[in-house]
Structures are given as C-alpha cells and as structure tokens.
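Written below as structure tokens is the structure these notes are about.
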Protein chains: 2
Amino acid sequence: MFARVSSNPIAPPTTLNELGMESASNPKIALNEFIYKRGIEIYGEKEPADYVYQVKTGAVRSYKLLSDGRRQIGAFHLVSDIFGLENGGTHRFTAEAIVDTTVRLIKRQSLELVAESDAMVARNLLSMTTRNLRHAEDHMLLLGRKTSIERVAAFLIEMDKRLTTADVMALPMCRRDIADYLGLTLETVSRALSRLHGLGVLGFTGHSQRQIVLLDRSRLASLDLQN
Amino acid sequence: MFARVSSNPIAPPTTLNELGMESASNPKIALNEFIYKRGIEIYGEKEPADYVYQVKTGAVRSYKLLSDGRRQIGAFHLVSDIFGLENGGTHRFTAEAIVDTTVRLIKRQSLELVAESDAMVARNLLSMTTRNLRHAEDHMLLLGRKTSIERVAAFLIEMDKRLTTADVMALPMCRRDIADYLGLTLETVSRALSRLHGLGVLGFTGHSQRQIVLLDRSRLASLDLQN
DNA sequence: CGGGGGCTTGAGGCCACTCAACGATAGTGG
DNA sequence: CCACTATCGTTGAGTGGCCTCAAGCCCCCG
C-alpha cells in the first residue's frame with residue numbers, strides 16, 4: 001500500500017548518478033518518483049527485486065524479522081542513499097519508510113542491461129555492493145562484541161557523518177529503530193543517551209529528543225573502541 | 001612468517017575456477033601454493049591486499065579485533081573457499097590458519113587486469129562479493145537478535161552444509177573460535193552443545209569433541225528460528 | 001481537551017559472562 | 001614409547017549487564 005505520484009513530465013534534473021546512469025555514454029533511463037507515507041512498506045523480504053531505489057527526501061529502514069517478531073535493522077537509508085539493489089532476484093530485507101519519503105526508482109532490468117555493455121556501470125554495481133559489505137562487516141563487530149555505550153556512541157558517530165547539515169543532528173528514527181539497529185532494547189538506548197548527556201558529550205535542542213547536538217566528538221569517539 | 005612451498009612444476013590440475021580464471025578465453029595465470037602452519041597469520045587487517053586466496057586443504061578464520069582484545073570472527077574459510085578478495089586496496093580482516101593449511105594464491109593485479117576485458121570474470125567478482133554480503137547480512141541477524149542456543153544451532157547447520165563428507169562433522173576450529181564467531185563466550189558455546197547433546201540432537205564420536213554427529217537435523221533446525 | 005505514541009526512569013529478573021576447578025587431549029622431548 | 005606439559009573442553013558458582021515490566025511525563029494531533 002503506497003501513494004503513487006505521477007512522474008514528472010519534464011525530465012527530472014537528478015538521476016542515479018552513483019550508478020553511472022547519467023554518464024554521457026548512456027541514454028537516460030526513465031526515472032519515476034514515488035512517495036511512501038511514514039511506516040509504509042516499500043518492499044518485503046523475499047519479494048522479487050524489480051526496482052532499485054534512491055532516497056530523495058526522508059529516510060528508510062531495512063530489516064529482517066524472526067518468526068516471533070524480533071527485528072534486526074541492517075541499515076538506515078538517508079537522503080541520496082541507494083537501496084534495494086540485489087544481485088539475486090529477490091530482496092534480502094524488508095524496507096519501510098521511517099518518515100514520509102520520496103524515492104526515485106529505476107527498473108532493475110534496464111540497469112542490468114546497461115551494465116552489460118557499460119563497464120563503468122558494472123564497476124559501480126560492484127563498488128556499491130562492496131560498500132554495503134563493509135558496512136555489514138563493521139556492524140558484525142558492533143553487534144557481536146561492543147557494549148551498549150559503545151554501540152550508541154558508534155551510532156551517533158555514524159549518523160553525525162551521514163546527516164549533519166548544521167551543528168544539530170535531526171534523527172529521523174525513533175528509539176526502537178535505533179535499538180533494533182544496535183541489537184539492544186529501546187530502554188537501553190535511552191539510558192545510554194542519558195549517560196552521554198550526563199557526561200556532557202551531547203545535548204538536546206529542547207524542541208525534540210531526536211535533535212541531538214554533539215558537544216564533544218573526540219570524547220564520544222573515545223567511548224567507541226575502534227576496530 | 002610462513003612456510004613457502006615450491007610451486008608444482010607440472011601445471012596444477014585445479015585453479016580458481018569460481019572466478020572464471022580457467023575459462024577457455026583466459027590464458028592461465030600462474031598459481032602458487034603456500035602452506036601456513038596452524039595459528040599463523042596469512043594477512044593482517046589494513047594490510048595492502050595484493051593476493052586472493054583459495055583454501056586447498058585446512059581452514060582459515062577472518063576476524064577483527066578491538067583495541068582491548070575482543071575479537072569478532074566474520075567468517076570461516078573451508079576447503080575450496082576463496083577469501084581475501086577486497087575491492088579496495090586493503091584487507092578488512094586479519095586471516096589466520098586454524099590448522100595447517102595449504103592455499104592457492106593469485107595476484108590481485110592480474111585478476112583485475114583480466115576482469116577488465118573479460119565480462120564473465122567481472123560478473124564472478126560481483127557474485128562472490130554478493131555472496132559474502134548475504135552471509136554478513138544473515139550473521140547480523142544472528143549476532144543482534146538470536147539466543148545462545150539459536151546461534152549454536154545455526155552454526156551447526158551452517159557447518160553441516162559446508163563440511164560434512166560422511167555423516168560425521170569434523171570441526172577444524174576450537175570452542176573459542178566458535179564463540180568469537182557467534183558473539184558468545186567459549187563456556188556458553190560448550191554449555192549449548194551439552195544441552196543439544198542432552199536433548200539427543202547431536203552426538204560425539206568419542207575420539208574428539210570436535211567430531212560431531214548430527215542425530216536430528218529437523219529438531220536442530222527448529223531450535224534456530226528462521227528469518 | 002482528551003487520547004495515544006514516544007521517551008525516560010526505576011525496580012527486579014534472567015541470560016550470558018566471569019572466575020575457577022578439573023578432566024581429557026594432543027603435542028613435545030627425552 | 002612414555003612421561004610431561006600446555007591447550008582444550010566441561011561444569012559449577014556467583015556476578016553483572018542488559019532485558020522486562022511498569023509508571024509517569026511530554027508532546028503532538030485529532
């Protein structure tokens with residue numbers, strides 16, 4: 001269930017640059033935009049992967065579920081991130097809009113067709129997959145061996161790199177999402193944030209507990225043991 | 001520090017098939033063999049990745065360390081597995097021989113050169129990376145959300161698929177390795193195996209606690225909640 | 001203004017960890 | 001070949017970090 005948006009009749013100004021789809025050698029491929037309302041599923045695990053997506057505005061979570069409801073979020077996709085790219089034919093995660101989200105999408109088939117003849121596009125597919133792999137490798141270390149404080153510190157550092165525009169970091173996701181990303185409970189995440197606040201490492205704007213100001217990045221980094 | 005073995009003067013009968021290096025279209029690339037004694041490092045994290053490896057005999061562990069010594073094993077590499085393939089120039093894990101291990105190795109540079117012109121080799125690089133990514137994604141769910149019994153059950157099922165020749169599974173790795181792979185302690189792994197033994201799900205040969213006989217695969221599978 | 005979701009905080013419990021002892025196993029050298 | 005020793009594996013007792021359950025506050029939104 002999602003809201004469909006008619007594709008822009010004028011050619012959209014931006015495309016999936018990172019995949020090399022905009023290189024002069026390639027004819028442009030039709031890009032459609034969709035809006036998914038907050039909480040709506042974009043695709044489900046094990047569904048056929050017919051499209052690749054790029055976040056234009058908003059944020060997306062990718063997760064796996066166990067049969068009893070335990071959830072592991074594998075990644076958050078923020079503005080400009082590409083997601084849903086699978087090499088096999090089916091999605092490995094369920095993807096959901098965290099907030100109202102606009103995505104650009106491209107048919108997987110046409111992408112593979114271009115990759116066939118364009119070595120640069122093929123290389124970009126590989127480098128994207130490699131980047132996803134690195135993230136997963138680092139996250140395994142976090143999930144297998146880090147303490148709750150270290151996990152939350154690592155999360156804040158990652159989000160700081162990825163979404164700070166000004167000096168205030170506006171998290172799109174709730175505590176439960178953070179917990180399911182870090183392999184913790186939402187209460188443990190909340191307690192860790194409170195401890196970091198008490199240590200003077202971070203502050204809240206007061207408008208929202210999701211708007212966080214990092215006051216001491218070096219002390220925060222020292223709380224997350226590096227690999 | 002490693003033992004060098006003179007490469008076979010007669011062309012070796014097997015090569016890195018999976019990468020497509022043996023396809024008729026490619027001239028054979030020189031393959032050297034090395035033996036690493038049990039416990040010896042094959043390469044270190046952050047070292048330049050000049051070679052790709054394939055296990056001929058033995059077993060290898062790939063791991064990351066935190067500065068205080070906590071260890072997370074990301075993967076075990078068993079006979080015929082290829083490892084050490086990085087897209088960037090440096091290794092993301094440390095690799096160590098678990099037991100005396102013979103590897104075939106190939107210069108990364110020559111591999112990339114071939115991939116440049118041979119689309120099949122390039123596709124194989126991508127599909128190998130994708131396979132590694134899937135394993136990491138599944139392992140994140142295990143590390144973030146599964147109980148100790150579920151983790152050990154999942155480990156046994158994985159190893160059963162990968163190394164059972166006869167009906168007895170001979171694990172090359174010690175309890176500590178299993179623990180660091182599953183994000184547990186060695187005592188917890190031992191207790192979980194004892195519980196599974198008590199439940200009649202598995203047995204030991206008596207010759208070694210590393211030789212395990214799976215007596216009831218379906219009950220074992222039911223103990224590991226599926227994603 | 002009432003309802004509900006999100007967040008924090010406290011109290012108590014449990015699962016996995018820590019520390020320790022002991023037996024079994026395998027590798028080593030005489 | 002066997003004694004010696006280090007390593008590996010199991011098991012028990014106790015601890016602790018994170019989870020569970022619960023209450024209360026705040027804010028948003030209808």
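In the text below, chain A, chain B and the rest are named by the order of the sequence lines, each starting its count at 1.
Distance, B:I149 CD1 to C:dC14 P: 18 Å, rounded to whole Å. A straight line from NZ of B:K146 to P of C:dA16 spans 14 Å, rounded to a whole angstrom. Taking atom CG of residue B:L182 and atom P of nucleotide C:dA16, one finds them 12 Å apart after rounding to whole Å. Counting to the nearest Å, the C1' atom of C:dA26 and the CG atom of B:D100 are 14 Å from each other. Nucleotide C:dG23 holds its P atom 14 Å from the CD atom of B:Q209, rounded to whole Å. Rounded to whole Å, atom P of C:dT25 lies 12 Å from atom CZ of B:R175.
Between C:dC7, C:dT9, C:dA16, one nucleotide has an atom nearer to the side chain of A:E187 than all others, and that is C:dT9.
Phosphate contact (OP1/OP2 of C:dT9, side-chain N/O of A:R191, threshold under 4.0 Å): absent. Residue B:T188 has a polar side-chain atom (N or O) positioned under 4.0 Å from OP1 or OP2 of C:dC17.
If you check every strand for non-hydrogen atoms under 4.0 Å, A:L193 touches nothing. Within 4.0 Å of B:G39, counting heavy atoms only, lies no atom of the nucleic acid at all. At the heavy-atom level, B:S148 lies under 4.0 Å from the strands shown only through sugar-phosphate atoms. Within 4.0 Å of A:R38, counting heavy atoms only, lie sugar-phosphate atoms of the nucleic acid but no base atom. If you check every strand for non-hydrogen atoms under 4.0 Å, A:T147 touches sugar and phosphate atoms only. Contacts of A:G206 with the nucleic acid, taken as non-hydrogen atoms under 4.0 Å apart, are absent.
Positionally, the nearest nucleotide of DNA chain C for A:V189 lies more toward the 5' end than for the other of A:V189 and B:T185. Remark on DNA chain D: of its neighbouring residues B:M173 and A:L184, the 5'-side contact belongs to B:M173, judged by nearest-heavy-atom nucleotide.
Scanning all heavy atoms of the two residues, the minimum distance from B:L143 to A:G144 falls at CD2-CA, 4.1 Å. Closest of all the heavy-atom pairs between B:F34 and B:L105 is CD1-CD2, 3.3 Å.
Bracketed by its first and final contacts, the part of DNA chain D lying under 4.0 Å from non-hydrogen atoms of chain B reaches from D:dC8 to D:dA13 in 5' to 3' order.
Classified by interplanar angle (parallel below 30°, tilted 30° to 60°, perpendicular above 60°), the ring pair B:Y53/B:F83 is parallel. Classification of the B:Y181-B:F155 ring pair by plane angle, with boundaries at 30° and 60°, yields perpendicular.
Contact annotation: side chain of A:R176 to base of C:dT8, donor-acceptor pair absent below 3.5 Å.
No side-chain donor-acceptor contact under 3.5 Å links A:T102 to the backbone of A:I35. Between the side chain of B:S222 and the backbone N or O of B:R219 there is at least one donor-acceptor pair closer than 3.5 Å.
Ion pairing of B:K37 with B:D100 is present here, as a side-chain N (NZ or NE/NH1/NH2) and a carboxylate O approach within less than 4.0 Å.
Residue A:D180 holds its CG atom at 14.5 Å from NZ of A:K64, rounded to the nearest 0.5 Å.
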